[in-house]
Every structure is written in structure tokens, then in C-alpha cells.
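Within every chain, numbering begins at 1; the chains are lettered A, B, ... in the order of the sequence lines, protein sequences first and strands thereafter.
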Protein chains: 2
Amino acid sequence: MDKQRDDTIASRISRALAERIISGVLSPGERLRQDHIAEEFGASHVPVREAFRLLEAQGLAVSEPRRGFRVAAFDLKEVREVAEMRAVLEVLALRHAIPHLTAAILERAEAATVAADTSRDVRSWEAANRAFHRLLLEPCGMPRLLASIDDLHAASARFLFSAWRTSWEARTDHDHRAILAALREGRGDEAAKILERHVGWIGKTPARTAAGETREAFSIVG
Amino acid sequence: MDKQRDDTIASRISRALAERIISGVLSPGERLRQDHIAEEFGASHVPVREAFRLLEAQGLAVSEPRRGFRVAAFDLKEVREVAEMRAVLEVLALRHAIPHLTAAILERAEAATVAADTSRDVRSWEAANRAFHRLLLEPCGMPRLLASIDDLHAASARFLFSAWRTSWEARTDHDHRAILAALREGRGDEAAKILERHVGWIGKTPARTAAGETREAFSIVG
DNA sequence: GAATCAAAAATTATCTATAATTTGAAAACA
DNA sequence: TGTTTTCAAATTATAGATAATTTTTGATTC
């Protein structure tokens with residue numbers, strides 16, 4: 001295996017584990033045993049521990065000193081917290097990105113929307129949805145802000161996958177199209193307003209604890 | 001020294017280094033040599049590397065794979081980015097905290113304001129200022145949000161200390177008093193509006209590169 | 001100015017000590 | 001007699017120390 005010059009074993013393990021946590025292969029609360037993981041990746045426990053720290057920073061794992069690491073748990077309260085943080089941060093990013101948005105970018109965002117609407121499974125929907133948001137926000141040129149938003153997207157994806165693990169129904173994302181239309185016509189404030197409602201929690205009824213209702217709450221995380 | 005049961009060598013080193021980076025003892029761009037630091041703390045380099053990862057997550061250090069870690073650099077562009085992120089996140093936190101604010105909390109926030117106004121040096125001013133913000137926001141009960149805000153405060157403090165390293169002049173913080181007054185009278189929206197302006201960058205002229213002007217820009221980071 | 005070699009420093013591996021968890025047996029109780 | 005509780009030994013896993021391996025960097029020579 002030829003490892004990249006600019007990434008370390010720790011970051012490679014971190015990415016692999018993040019993927020598993022987000023997709024739900026590793027369940028919330030599950031222990032992350034460093035020796036087992038080290039063995040699986042053919043490495044020692046030192047880079048594994050560094051990978052754990054990276055996951056901790058992304059909010060995907062939690063450290064219990066002298067007791068190891070666990071996959072971070074999450075509840076509806078946290079879904080809501082993440083959604084609200086995304087709402088305000090994405091609006092901030094969009095406002096700064098707007099002056100730098102080009103027709104080409106909006107074109108690609110449109111394509112991402114189409115890809116999302118025609119997705120056959122939740123995985124590809126999530127990828128397309130994330131691409132849409134990334135495309136519109138990246139031109140803001142604020143690296144720290146974008147990094148925070150990425151981490152929140154990862155958290156959102158966990159919730160999404162946990163709810164739609166088995167089935168998935170395609171649906172047209174009217175918000176995305178409305179945002180694009182507003183941006184094309186120079187109505188930046190309106191685009192920001194739609195984005196805030198789209199991502200955030202405003203007016204979304206907290207779901208009851210019943211499993212079926214929970215899914216409905218999760219499904220609206222855009 | 002008897003080490004606490006629930007904190008690790010890595011976190012202890014991390015806190016010590018964070019303190020140095022924030023206070024400016026370690027300069028932006030400076031290399032963090034793991035062997036030297038390990039020796040200084042009487043530990044091996046393994047916990048030192050974990051400490052570096054923690055600092056990286058807080059945005060105080062940057063990793064250059066295969067080349068080690070450096071103290072994170074910062075420029076006016078990043079000061080602005082941090083200020084704007086703080087503005088939107090602190091407003092979000094305040095809105096959720098308001099229903100849980102008690103007279104006792106406002107009392108303590110008032111005391112923190114007085115402490116800030118009578119500070120003789122920038123260190124104690126920063127501590128009092130941070131306490132003020134923490135007191136008002138903590139009741140929001142959103143741990144992830146509060147953690148993000150804490151990291152941004154650390155970044156703000158770096159800028160502050162870098163500008164006011166030698167001298168410091170006391171000044172009365174009218175914004176803090178206005179926020180408290182609004183909260184006492186139940187005008188939450190107005191409190192949030194003042195906080196947003198207070199923390200953020202709106203209407204603040206970006207300073208010229210000349211050192212004297214830069215200080216002025218830094219000084220307004222509340 | 002390019003290339004080669006040496007020194008330094010980062011990354012990873014191996015090993016050890018210590019803390020946490022589990023297991024199982026004995027005792028207490030119903 | 002059966003069940004539960006408690007305590008100690010054994011097992012397991014984490015955290016850290018030490019050692020080995022690359023990789024980078026700086027100097028020196030061609």
C-alpha cells in the first residue's frame with residue numbers, strides 16, 4: 001500500500017473510523033478498543049490514539065481518561081443543537097460567499113440538487129446535499145468557519161443515517177431550488193433566510209420519542 | 001505532585017501550552033519540538049503528541065505532517081473571522097439562555113463587569129470579560145455550542161494579548177452594562193442585538209497594517 | 001547551483017506499569 | 001436450599017516510556 005506523502009497513519013485511521021461512525025457501522029456508546037483497531041489497521045496503538053483525538057475534536061468520539069474512548073452518543077437534543085449551529089454558521093458563510101459566487105458555481109450547485117433529488121439511497125443523497133452546501137459556502141474564504149461547518153455536517157449525517165438506515169424515499173428539495181433562484185436574481189438576503197429555515201430548527205416540531213416520529217424529525221435535517 | 005485521577009498527562013501539557021500560546025510566550029509560527037517539550041515536562045513524547053492534537057482542535061496549533069507542529073499563525077483576516085463566528089454563536093447561545101437567566105446570575109455578571117472595568121492589566125481584564133460572557137451563555141445548556149465559543153474566546157484572547165502586551169488602559173464597558181440592563185427589563189432581543197454588535201465586526205473599520213492602528217482594531221474585541 | 005551526506009526531528013513500534021473490569025468463590029440472607 | 005451480595009484474584013486494556021525507523025533539513029563538496 002502506498003501511503004500519501006502528506007497524510008499520516010493517524011489521519012488515515014481517523015477517516016476510516018469517522019466513516020464507520022457516521023454510517024452507523026459503529027454504534028453510539030460503543031467502545032473503541034485501541035489494540036483491536038491497531039491490529040486491524042496493521043499499526044501500533046500510538047497512531048490509533050492520535051486518530052481518537054481527531055475524532056474527539058470532530059465530536060464523533062468521547063474520551064474517558066484511563067477508560068478509553070467511546071463512539072459519541074447523541075440524542076434529539078443534540079440533533080437540535082447541531083441544526084441550530086449549522087443554521088447560524090451557514091448563513092454567516094453564505095453572506096460572505098455571495099459576492100464571490102459565479103454562474104459556474106450556481107450551475108454546479110444546481111447539478112448537485114438534481115443529483116440529490118434522483119438519489120436512490122440515503123448515502124448518495126447525503127453526498128449530493130453536502131456538495132450543494134459546500135459549493136455555495138466555500139467562496140466565503142473563511143477556513144475556520146468552513147471547518148466547523150464540515151464537522152456539523154458530519155454530525156448531521158449520523159442522525160440522518162441512523163433514521164434512514166434501511167429505506168429511503170426520493171423527494172424534491174424545493175428549498176435548494178428556491179435558494180438558487182434567489183441567488184441568481186441577486187436577492188441574497190432572501191437566500192440566507194431560506195437557508196436558515198432550511199437547515200435550522202425553526203418551526204420544526206420536536207419529534208415524540210416513538211421511533212416512527214423520530215424518523216420524521218431526522219428526515220428534515222437538510 | 002499528585003496528579004488528578006481524571007486527567008491525563010496529555011491534557012495537562014495541553015493546558016500549559018495553550019496558556020503559553022494565548023499569552024504570547026510562544027509566538028505564532030514557532031515550532032513545537034516534541035522532544036524538548038517532553039523533556040521539560042518530564043514525560044515522553046507520546047502524551048506530548050496527543051497534547052498537540054488537542055491544541056490543533058482548538059485552533060492554537062497546526063500540524064504539518066512529517067514536519068511537526070507549529071503555533072498557529074494569525075492575521076487580521078482571522079481575527080475578523082473569529083469575531084464574526086463568536087457574534088452569531090454567542091447570540092444563539094444567549095437566546096437559549098435567556099429563559100434560564102436568574103437574578104443571581106445577572107448579579108454575578110454585573111460583578112464581572114465591574115471587575116473588568118477596574119482591571120489594572122490586560123490579563124485580568126480578559127478573565128473578567130470571559131467570565132461575563134460565560135455567565136450569561138452557560139444556562140443555554142448546549143454543550144457543543146459552549147465548547148465552540150470557548151475555543152473562539154481563546155483565539156480572541158491571543159489577539160488581545162498580542163496587541164496589549166506591554167501597556168493597558170482601563171475603560172468602562174458600556175456594552176456590558178447595556179446588555180445587563182436590557183436583560184433585567186426583559187428586552188431579550190435588544191440584549192442579543194447589542195451582544196452581536198459588541199462581539200462582532202459590524203461597522204468596525206479594519207485597521208491599517210501600521211502597528212499603532214492594529215492595536216486599536218484589537219482593542220475592540222470584547 | 002546541484003548533489004551528496006550527516007545530523008536532527010518526527011513518526012511509528014515495542015515494551016512496561018498501572019488502572020479498570022470481569023470472574024468466581026465464599027458468605028450472608030431469605 | 002437457592003439467591004444475592006461482597007470481596008479478592010485474574011484478566012484485560014489503557015497510558016506512558018523506551019527504542020527503532022523514516023523523513024526532513026542543513027551543510028559541505030563538486
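- In this structure, B/Phe69 atom CZ and D/dT24 atom P are separated by 15 Å, rounded to whole Å.
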Tabulate atom names and distances for all N/O pairs under 3.5 angstrom spanning the protein and nucleotides 9-12 of chain D.
none

Table please: side-chain donor-acceptor pairs of residues 103-112 of chain A below 3.5 Å, with sequence neighbours left out.
from, atom 1, to, atom 2, distance (Å)
A/Glu110, OE1, A/Arg184, NH1, 3.3
A/Glu110, OE1, A/Arg184, NH2, 3.1

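- Going from atom CD of B/Gln34 over to atom C1' of C/dT12 covers 11 Å, rounded to whole Å.
- Both A/Arg67 and A/Ser44 lie close to DNA chain C; mapped to their nearest nucleotides by heavy-atom distance, the more 5′-ward contact belongs to A/Ser44.
- In this structure B/Asp117 satisfies the side chain to side chain contact (heavy atoms under 4.5 Å, CB included) test together with B/Thr113, B/Thr172, B/Asp173, B/Arg177, sequence neighbours excluded.
- Across all their heavy atoms, A/Ala93 and A/Cys140 have their closest contact at O-CB, 3.3 Å.
- Rounded to an integer number of Å, the gap from CD of B/Glu50 to P of D/dT14 is 12 Å.
- Residues passing the side chain to side chain contact (heavy atoms under 4.5 Å, CB included) test with A/Ser14, sequence neighbours excluded: A/Ala51, A/Leu54, A/Leu55, A/Gln58.
- In this structure, A/Asp35 places its CG atom 14 Å from C1' of C/dA20, rounding to the nearest Å.
- Proximity of the aromatic rings of A/His133 and A/His198 is defined here by a centroid distance below 6.0 angstrom, and this criterion is met.
- Set against C/dA13, C/dT18, D/dT24, the side chain of B/Arg66 has D/dT24 as its closest nucleotide.
- For B/Arg144, the salt bridge (Lys or Arg N to Asp or Glu O under 4.0 Å) partners at least two apart in sequence or on another chain are A/Glu78.
- For D/dT18, the base has a donor-acceptor partner in the side chain of B/His45 [N/O atoms by modelled type, under 3.5 angstrom].
- The distance from atom CD of B/Glu39 to atom C1' of D/dA17 is 14 Å, rounded to the nearest whole Å.
- Across the interface with DNA chain D, nearest-nucleotide mapping of B/Arg31 and A/Gly68 shows A/Gly68 to be the residue nearer the 5′ end.
- Rounded to whole Å, the distance from CD on A/Glu56 to P on D/dT14 is 15 Å.
- Atom-to-atom, CD of B/Glu64 to P of D/dT23 comes out at 17 Å; the value is rounded to the nearest Å.
- A straight line from CZ of B/Arg12 to C1' of D/dG16 spans 12 Å, rounded to a whole angstrom.
- Along DNA chain C, the nucleotide nearest A/Gly42 and the nucleotide nearest B/Leu32 are compared for position; the residue whose nucleotide lies closer to the 5' end is B/Leu32.
- In this view, B/Arg67 satisfies the salt bridge (Lys or Arg N to Asp or Glu O under 4.0 Å) rule with no residue, not counting sequence neighbours.
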